[in-house]
Amino acid sequence: EADIYQTPRYLVIGTGKKITLECSQTMGHDKMYWYQQDPGMELHLIHYSYGVNSTEKGDLSSESTVSRIRTEHFPLTLESARPSHTSQYLCASSEEAGYNEQFFGPGTRLTVL
Amino acid sequence: AQSVTQLDSQVPVFEEAPVELRCNYSSSVSVYLFWYVQYPNQGLQLLLKYLSGSTLVKGINGFEAEFNKSQTSFHLRKPSVHISDTAEYFCAVSDRAAGNKLTFGGGTRVLVKP
């Protein structure tokens with residue numbers, strides 16, 4: 001079944017740790033996105049990719065980085081987590097052509113102590 | 001740049017009552033329109049979409065929305081809500097003039113009361 005996966009679903013870590021949030025999709029989509037969402041708030045686009053070896057920063061400045069070495073995989077990394085990074089991170093994907101209907105993963109809720 | 005406004009941040013409603021969530025967008029040139037629902041601690045799930053054709057769009061879970069080009073609106077409705085409809089709802093617009101960039105509204109929290 002075609003889907004989009006995120007791991008871990010929940011993560012609690014201490015300040016200064018390096019973390020990687022995983023996102024994988026089995027739909028063969030070229031475009032992938034990372035959004036940051038505080039509880040009950042709107043979504044902010046922080047990174048996107050239009051294909052392998054293509055990454056761009058989104059509308060909201062973020063200290064995180066992303067990579068796109070394989071079509072299906074779009075991990076997000078924080079080199080040194082801080083309490084201000086506490087948030088929910090949502091990954092999405094869409095087809096290259098068409099109207100940009102985005103399919104979302106279940107999200108990772110990150111808490112930095 | 002495209003902007004999307006959801007006029008109500010919270011909508012309390014009693015079970016079995018109708019609900020309408022309002023969404024207005026700024027550019028009417030060439031757009032695709034979406035409504036997503038987000039249940040607690042989950043990602044976004046597509047409720048319905050308008051691409052072309054009939055301005056009344058039916059989606060999952062009994063929801064429908066009407067595209068009004070002259071008023072640049074895409075309001076979401078359900079004639080009778082259930083407790084399980086308690087969630088956050090996001091309107092989104094894909095702007096063809098901007099390479100189909102997807103812009104989200106701020107969200108409307110629906111709280112269904114028994």
Side-chain angles (χ1 to χ4, degrees), chain A residues 2-11 21-25 27 29-51 54 56-60 87-111, chain B residues 1-11 21 23 25 29-53 57 59-60 67 74 86-111:
Chain A
D3 211 337
I4 181 164
Y5 305 92
Q6 289 186 244
T7 58
R9 290 292 317 278
Y10 302 92
L11 180 61
L21 308 185
E22 302 288 349
C23 176
S24 294
Q25 49 95 6
M27 295 173 281
H29 288 166
D30 287 311
K31 295 182 178 180
M32 296 189 74
Y33 312 83
W34 276 103
Y35 292 88
Q36 185 173 341
Q37 182 189 31
D38 291 329
M41 302 295 285
E42 62 193 291
L43 284 77
H44 295 286
L45 181 67
I46 52 175
H47 298 283
Y48 62 97
S49 167
Y50 285 171
S54 155
E56 302 287 344
K57 291 190 178 294
D59 303 323
L60 180 69
S87 190
Q88 171 152 263
Y89 293 84
L90 293 168
C91 181
S93 71
S94 67
E95 294 180 348
E96 170 62 29
Y99 39 84
N100 200 14
E101 175 185 345
Q102 294 186 13
F103 297 82
F104 282 81
T108 294
R109 183 166 295 281
L110 173 65
T111 302
Chain B
Q2 181 72 251
S3 67
V4 181
T5 302
Q6 291 184 240
L7 296 163
D8 305 295
S9 59
Q10 291 191 62
V11 174
L21 309 184
C23 174
Y25 57 96
V29 178
S30 293
V31 294
Y32 304 111
L33 301 159
F34 307 86
W35 274 99
Y36 286 87
V37 60
Q38 184 180 33
Y39 300 105
N41 296 317
Q42 294 187 27
L44 276 67
Q45 178 184 358
L46 184 70
L47 271 179
L48 50 78
K49 59 191 176 192
Y50 171 80
L51 306 179
S52 65
V57 180
I60 62 172
F67 169 55
F74 191 53
T86 293
E88 188 91 19
Y89 293 80
F90 291 94
C91 179
V93 178
S94 175
D95 191 341
R96 281 185 256 181
N100 285 334
K101 178 183 176 181
L102 196 63
T103 302
F104 287 88
T108 298
R109 180 174 301 276
V110 173
L111 176 60

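Since the model is a prediction, treat every value here as computed from it, not as a measurement.
Residues A/K31 and B/L102 have side chains not in contact (no heavy-atom distance under 4.5 Å, counting atoms from C-beta outward).
Heavy-atom distances place both the backbone and the side chain of B/L44 under 4.5 Å from chain A. The part of A/Y10 that comes within reach of chain B is its side chain, from C-beta onward, which places non-hydrogen atoms under 4.5 angstrom from that chain. Only the side chain of A/Q88 comes within less than 4.5 Å of a heavy atom of chain B; its backbone N, CA, C and O stay farther away. When heavy atoms are compared at a cutoff of 4.5 Å, B/L46 approaches chain A solely by way of its side chain, counted from C-beta outward. No part of A/Y48 comes within reach of chain B, as not one of its non-hydrogen atoms sits under 4.5 angstrom from that chain. Contact of B/N41 with chain A is made through backbone and side chain together, with heavy-atom distances under 4.5 Å.
Residues A/L90 and B/Q38 come closest through the heavy atom pair CD1-NE2, 4.0 Å.
Comparing B/K49, B/E88, B/Q45 by how many heavy-atom pairs each has under 4.5 Å with chain A, the most go to B/K49. If you tally non-hydrogen atom pairs under 4.5 Å between each of A/R109, A/E101, A/H44 and chain B, the highest count goes to A/E101. With respect to chain B, the highest number of heavy-atom pairs below 4.5 Å among A/C91, A/S94, A/P106, A/G107 belongs to A/P106.
Once rounded to the nearest 0.5 Å, the distance linking CZ of B/R109 with CE of A/M41 reads 10.5 Å. Between the CZ atom of B/F90 and the CD atom of A/Q37 there is a distance of 4.5 Å, given to the nearest 0.5 Å. For the atom pair OH of A/Y35 and CZ of B/F104, the computed distance is 4.5 Å after rounding to the nearest 0.5 Å.
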Inset, instruction - Using the side chain to side chain contact (heavy atoms under 4.5 Å, CB included) rule, take B/Y36 and A/Q102 through it: C-alpha gap first, then chi angles, then the decisive distance, then the call. - result: CA-CA 10 Å; B/Y36 286 87; A/Q102 294 186 13; 3.9 Å; yes
